[in-house]
Structure formats: C-alpha cells, structure tokens
Amino acid sequence: MIALGCDHGGWELKEAVKKYLDEKGIQYEDFGCFNTESVDYPVYGKKVAEAIVEKKAEKGLLFCGTGLGMMLCANKYPGVRAICASDIFSVEFSRMHNNANVLTLGGRVMGPGLAIKLVDTFIHTEFEGGRHAKRVEMYDKII
Ligand code: RB5
C-alpha cells in the first residue's frame with residue numbers, strides 16, 4: 001500500500017497522481033488534505049511518515065508547494081527515507097542505492113506529466129541491496 005498526503009500547495013498534483021494510481025490498479029490510502037484550503041504541511045507529512053513507521057504502508061508520496069517541507073518533516077521519523085527530486089535519474093537511484101521509501105513532489109514546481117513519470121519510476125524500481133544494504137542500515141541508525 002502507498003500512503004498519500006499533501007497540503008493545499010500539492011493537492012492538485014496529488015489528485016493527478018491518484019488518477020494514475022487508479023488507472024494502474026495500485027493500492028493507496030489518502031491521508032489528506034482533501035481540498036485547496038490552506039493547511040499546515042507537517043500535519044500531513046506526519047500522517048504519512050507514521051504509516052511507514054507503523055508498516056501500514058510500504059511507500060509514501062507527499063505533495064506540497066515545493067516538496068521540500070514535506071521531505072524535511074518525513075525525514076524526522078527514523079525508518080523514513082524521503083527524497084524530493086524532479087529528475088528520473090535521482091528517483092531511480094534513490095530506490096536502487098538508498099532504498100528511499102517516500103517521494104516528495106512540488107505542485108508549484110512541476111506538472112502532472114513529469115510527476116507521474118517520477119512516481120512510476122519510484123514505485124517500480126527495486127532496491128539493489130548488497131553493499132548498499134549496509135549503508136542504508138548505517139543511515140537508519142543515525143538519529
Ligand atoms: C505553502 O505555502 C508552502 O509553504 C508549502 O506547500 C510547501 O512548499 C512547504 O515546503
């Protein structure tokens with residue numbers, strides 16, 4: 001299951017990504033927000049991060065204006081490895097080498113076309129393990 005969350009700055013992009021997930025039959029839970037009324041992004045970043053920590057979700061997608069506030073919030077939670085990226089190469093390697101489990105995107109940075117490509121790459125790229133597993137373990141121990 002993929003946990004979704006956004007603030008008002010990311011709501012529209014989240015809706016576009018939800019449409020893609022629906023079309024592909026990919027399961028998700030939407031933790032809000034549910035419209036463009038101004039809200040505080042840490043509230044929704046926390047909900048998605050907690051879903052990852054509690055193992056209710058394998059991955060998370062967070063959307064705000066820049067993607068940055070959500071990334072900062074999510075990374076406060078041990079076990080969450082959130083990246084904010086707007087290129088395919090970074091997203092691909094964040095999965096292969098860093099075992100990233102949360103992707104944060106900026107609704108004021110990109111349109112749905114790029115966002116969906118990034119999400120698709122994030123969801124379908126596997127962690128390589130091997131020498132990277134030790135490094136991720138080391139990273140996860142830093143609190
Ligand atoms: C809200 O205006 C904006 O600050 C928020 O969406 C996000 O970009 C924060 O990082």
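For the single chain, residues carry numbers from 1 onward in sequence order. For the numbers below, each heavy atom of this structure counts, side chains included, while hydrogens, waters and symmetry mates do not. Both ligands and their constituent atoms are indexed starting at 1 by order of listing.
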Student: Counting each atom of ligand 1 from 1 as listed, which ones have a heavy atom of D7 under 4.0 Å away?
Tutor: 1 (C), 5 (C), 6 (O)

Student: Among protein heavy atoms, which lies nearest atom 8 (O) of ligand 1, and at what distance?
Tutor: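 Nearest protein contact, heavy atoms only, for atom 8 (O) of ligand 1 is T66 N, 2.9 Å.
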
Student: Can you confirm whether the side chains of N99 and Y139 place a donor and an acceptor under 3.5 Å from each other?
Tutor: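 Looking only at side-chain atoms, Y139 and N99 do not form any donor-acceptor pair under 3.5 Å.
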
Student: After noting the C-alpha distance and the side-chain angles of Y20 and V119, does the key distance pass the side-chain contact (heavy atoms from CB on, under 4.5 Å) rule?
Tutor: CA-CA 9 Å; Y20 153 81; V119 167; 3.9 Å; yes

Student: Kindly confirm or rule out an N or O of C64 lying under 3.5 angstrom from an N or O of ligand 1.
Tutor: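 N/O-N/O distance below 3.5 Å does not exist for this pair.
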
Student: For atom 10 (O) of ligand 1, which protein heavy atom lies nearest, and how many Å away is it?
Tutor: G69 N, 2.9 Å

Student: Looking at E50 and K46, is there a salt bridge between them, counting it only when a charged N and a carboxylate O are closer than 4.0 Å?
Tutor: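 Salt bridge flag = yes for E50 with K46.
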
Student: Which side-chain N or O atoms in residues 125-134 pair as donor and acceptor under 3.5 Å with protein atoms at least two apart or in another chain?
Tutor:
unit_1: T125; atom_1: OG1; unit_2: T121; atom_2: O; d: 2.6
unit_1: H132; atom_1: NE2; unit_2: H97; atom_2: NE2; d: 3.3

Student: Under 3.5 Å between any N/O of Y41 and any N/O of ligand 1: does that happen in this structure?
Tutor: no

Student: Which atoms of ligand 1 sit under 4.0 Å from any heavy atom of H8?
Tutor: 1 (C), 2 (O)

Student: Please list, one pair per line, the donor and acceptor atoms closer than 3.5 Å that link side chains of residues 28-35 to other protein atoms, with sequence neighbours excluded.
Tutor:
unit_1: Y28; atom_1: OH; unit_2: D22; atom_2: OD1; d: 2.9
unit_1: Y28; atom_1: OH; unit_2: D22; atom_2: OD2; d: 3.3
unit_1: D30; atom_1: OD1; unit_2: K14; atom_2: NZ; d: 2.9
unit_1: D30; atom_1: OD1; unit_2: G32; atom_2: N; d: 2.9
unit_1: D30; atom_1: OD2; unit_2: K14; atom_2: NZ; d: 3.0
unit_1: D30; atom_1: OD2; unit_2: K18; atom_2: NZ; d: 2.8
unit_1: N35; atom_1: OD1; unit_2: E37; atom_2: N; d: 3.0

Student: What protein heavy atom sits nearest atom 3 (C) of ligand 1, and how far off is it?
Tutor: R108 NH1, 3.8 Å

Student: Can you confirm, on distance only, whether ligand 1 has an N/O atom lying under 3.5 Å from any N/O atom belonging to G65?
Tutor: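 Between G65 and ligand 1, an N or O pair is found under 3.5 Å apart.
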
Student: Check whether any side-chain heavy atom of T66 sits under 4.5 Å from a side-chain heavy atom of C64, and report yes or no.
Tutor: yes

